[in-house]
Amino acid sequence: MKTAAPEFIELTATLSEEAKRRILSRTRGKVFDRFSKYEMTDDEAIAIQLTIEEEDRKEWLEKVRELRAKDAKKAKKKTD
């Protein structure tokens with residue numbers, strides 16, 4: 001089972017109800033299924049969702065960096 005990062009558990013406590021509702025609306029299947037199966041609290045589900053989104057963001061940034069590096073190499077070859 002996916003666990004929430006400690007920083008997101010703390011962050012969840014400071015969010016407004018509107019922000020919590022928005023995050024819960026983005027909750028994907030697995031988190032939502034666990035939410036209903038294991039009777040986790042809204043705050044736990046939100047913290048897990050934020051953890052997943054952060055991991056996805058880091059993965060996306062890494063792919064963008066790789067693509068930019070490839071583009072830079074291609075551009076350098078063209079100028080040489």
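All values below come from the heavy atoms of this structure, side chains included, with hydrogens, waters and symmetry mates left out.
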Undergrad: Between I23 and I46, what is the shortest heavy-atom contact and its length?
TA: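 Closest approach of I23 to I46, heavy atoms only: CG2-CG2, 3.8 Å.
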Undergrad: Using side-chain contact (heavy atoms from CB on, under 4.5 Å) as the criterion, list what pairs up with E54, not counting sequence neighbours.
TA: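 Counting only residues at least two positions away or on another chain, E54 forms a side-chain contact (heavy atoms from CB on, under 4.5 Å) with F8, R57, K58.
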Undergrad: Assess the residue pair I48 and M40 against the criterion (side chain to side chain contact (heavy atoms under 4.5 Å, CB included)); give the C-alpha distance rounded to whole Å, side-chain angles, the decisive distance to 0.1 Å, and a yes or no.
TA: CA-CA 11 Å; I48 291 171; M40 67 174 63; 3.8 Å; yes
Undergrad: Quick one: side-chain hydrogen bond (donor to acceptor under 3.5 Å, both in side chains) partners of E55, sequence neighbours excluded?
TA: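 Testing E55 for side-chain hydrogen bond (donor to acceptor under 3.5 Å, both in side chains), a comparison that skips the adjacent residues, returns K2.
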Undergrad: Throw together a table of side-chain donor-acceptor distances under 3.5 angstrom for residues 59-69, partners on residues two or more places apart or in other chains.
TA:
none

Undergrad: Which heavy-atom pair separates T27 from Q49 by the least distance, and what is that distance?
TA: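 Heavy atoms of T27 and Q49 come nearest at CA-OE1, 3.3 Å.
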Undergrad: Quick one: which residue pairs count as a side chain to side chain donor-acceptor pair (under 3.5 Å) with a foot in residues 10-24, not counting sequence neighbours?
TA: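 Listed by first then second residue: E18-R21, E18-R22, K20-D43.
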Undergrad: Under the side-chain contact (heavy atoms from CB on, under 4.5 Å) test, which residues partner I9, sequence neighbours left out?
TA: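 Per chain and number, I9 pairs via side-chain contact (heavy atoms from CB on, under 4.5 Å) with A4, A47.
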